[in-house]
Amino acid sequence: SYLELQDWHAAVRPFEGIGGAWEQPMNVRDAERPAERFRGAYVSAHAFMLLGLRPLFGRDFEANDDRVGAPSVVILGHTVWRTRYRSNSAVVGQVIRVNGLPSTVIGVMPEGFEFPMNAKLWQSLASMRADFRDNRGARLVDGFGRLRGNVTTEQARNELQTIDAALGRTYPGNRRAPPPNVNAFRSGIGGPIVAVMAALMGAVTFVLLIACANVANLLL
């Protein structure tokens, strides 16, 4: 949850930094263009810096952006910037409406960047809905971090689980089951998922070969 992420951020030592992300649809409006709906994400301050990326224009979310009550800001994805704003760099600094809230555009991300999955624009994590943000049991946020150079995944996992056990004693009504885990970011596209994708590609290839054989028979 958002509150747990704050606890982890203050306590964990194996990470250079910890961030969070929550993908949600976002409606974009401004005076000159019709409203459009995009897949967006709420992310924590310095999230893109943790990933080793910088905006193409403008800046990343800073600590002052990611606090409750801060002025609303938004970073656009390259697709939104190109299709909706015609690749105009002057959009940085303009105010648009995101989910009905006036939000200042502070940056544009490079082409192809859609973290965590298919996001096309981003707002600060603290601006997520208050009923989710203030609910310790609303575990909606995906946590991510950058390990320190001499720390293993297992050490980081043990540290997080120790912190989680302490939080369970402090907030017994919100005990997590199972405890938090730590995996390499790329592990999500390995193992069984790769096998499934390979099987699907094999099936598609087989159907294509059948179609080619049928066409060849018709031609003959």
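Note that the structure is predicted; figures quoted are calculated from it, not measured.
- Y42 and M49 fall into different hydrophobic clusters, where Ile, Leu, Val, Met, Phe, Trp and Tyr residues are linked whenever their side-chain heavy atoms come under 4.5 Å apart, directly or through other members.
- Relative ring orientation between W122 and F113 is described as tilted, the plane-to-plane angle lying within the 30° to 60° band.
- Taken to the nearest 0.5 Å, the CG atom of L121 stands 10.5 Å off from the OG1 atom of T79.
- Rounded to the nearest 0.5 Å, atoms CG (N181) and CG (L160) are 9.0 Å apart.
- In this structure, the side chain of N99 engages the main chain of N27 through a donor-acceptor pair within 3.5 Å.
- Minimum interatomic distance between V92 and G58 (heavy atoms only, all atoms of both residues): CG1-CA, 4.4 Å.
- Here the OG-CG distance, from S127 to D66, works out to 8.0 Å after rounding to the nearest 0.5 Å.
- Minimum interatomic distance between A41 and A119 (heavy atoms only, all atoms of both residues): CB-CB, 3.9 Å.
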Worked check of side chain to side chain contact (heavy atoms under 4.5 Å, CB included) between D65 and R59: CA-CA 11 Å; D65 301 316; R59 62 174 178 85; 2.6 Å; yes
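- Contact detail for F144 and A47: the closest heavy-atom pair is CZ-CB, 3.8 Å.
- Salt-bridge check for R136 with E4: failed, with every basic side-chain N at 4.0 Å or more from each acidic carboxylate O.
- Of the possible polar contacts, none joining the R146 side chain to the G17 backbone as a donor-acceptor pair under 3.5 Å is found.
- You'll find the side chain of S103 stays beyond 4.5 Å of the side chain of R97, heavy atoms only.
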Evaluation steps, ring pair (Phe, Tyr, Trp, His ring centres under 6.0 Å), between F57 and W81: CA-CA 11 Å; F57 300 105; W81 175 63; 5.3 Å; yes
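- Follow the hydrophobic side-chain contacts under 4.5 Å out from L53 and you reach V43 in the same cluster.
- Q155 places none of its side-chain heavy atoms less than 4.5 Å from the side chain of P14.
- Between N118 and R39, the closest heavy-atom pair is O-CB, 3.5 Å.
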Worked check of side chain to side chain contact (heavy atoms under 4.5 Å, CB included) between N183 and T153: CA-CA 7 Å; N183 294 298; T153 301; 5.8 Å; no
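- The hydrophobic cluster containing V151 also contains I163, counting ILVMFWY residues as joined when their side-chain heavy atoms lie under 4.5 angstrom apart, directly or transitively.
- In terms of heavy atoms, R157 sits closest to V182 at NH2-O, 3.0 Å.
- Atoms CD and CZ, on E36 and R84 in that order, are 4.5 Å from each other to the nearest 0.5 Å.
- A pairwise comparison of heavy atoms in V141 and L125 identifies CG1-CD2, 4.2 Å as the closest pair.
- A side-chain N or O of D30 and one of Y85 form a donor-acceptor pair less than 3.5 Å apart.
- Few gaps surround NE2 on H46; more than 12 heavy atoms of other groups in view lie less than 6.0 Å from it.
- Contact annotation: the side chain of L147 approaches that of F15 to within less than 4.5 Å [non-hydrogen atoms, C-beta and beyond].
- Between I96 and V28, some side-chain heavy-atom pair lies under the 4.5 Å cut-off.
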L167 vs W8, side chain to side chain contact (heavy atoms under 4.5 Å, CB included): CA-CA, chis, key distance, verdict: CA-CA 10 Å; L167 290 175; W8 290 0; 3.8 Å; yes
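- A distance-only check finds a donor-acceptor pair linking the side chain of R148 to the backbone of R13 [under 3.5 Å].
- Between F48 and F61, the ring planes are tilted. Angles from 30° to 60° get that label.
- For the atom pair CG (D7) and CG (D164), the distance works out to 10.0 Å, reported to the nearest 0.5 Å.
- A distance-only check finds a donor-acceptor pair linking the side chain of S44 to the backbone of G20 [under 3.5 Å].
- The distance from atom CG of D134 to atom CE of M128, rounded to the nearest 0.5 Å, is 9.0 Å.
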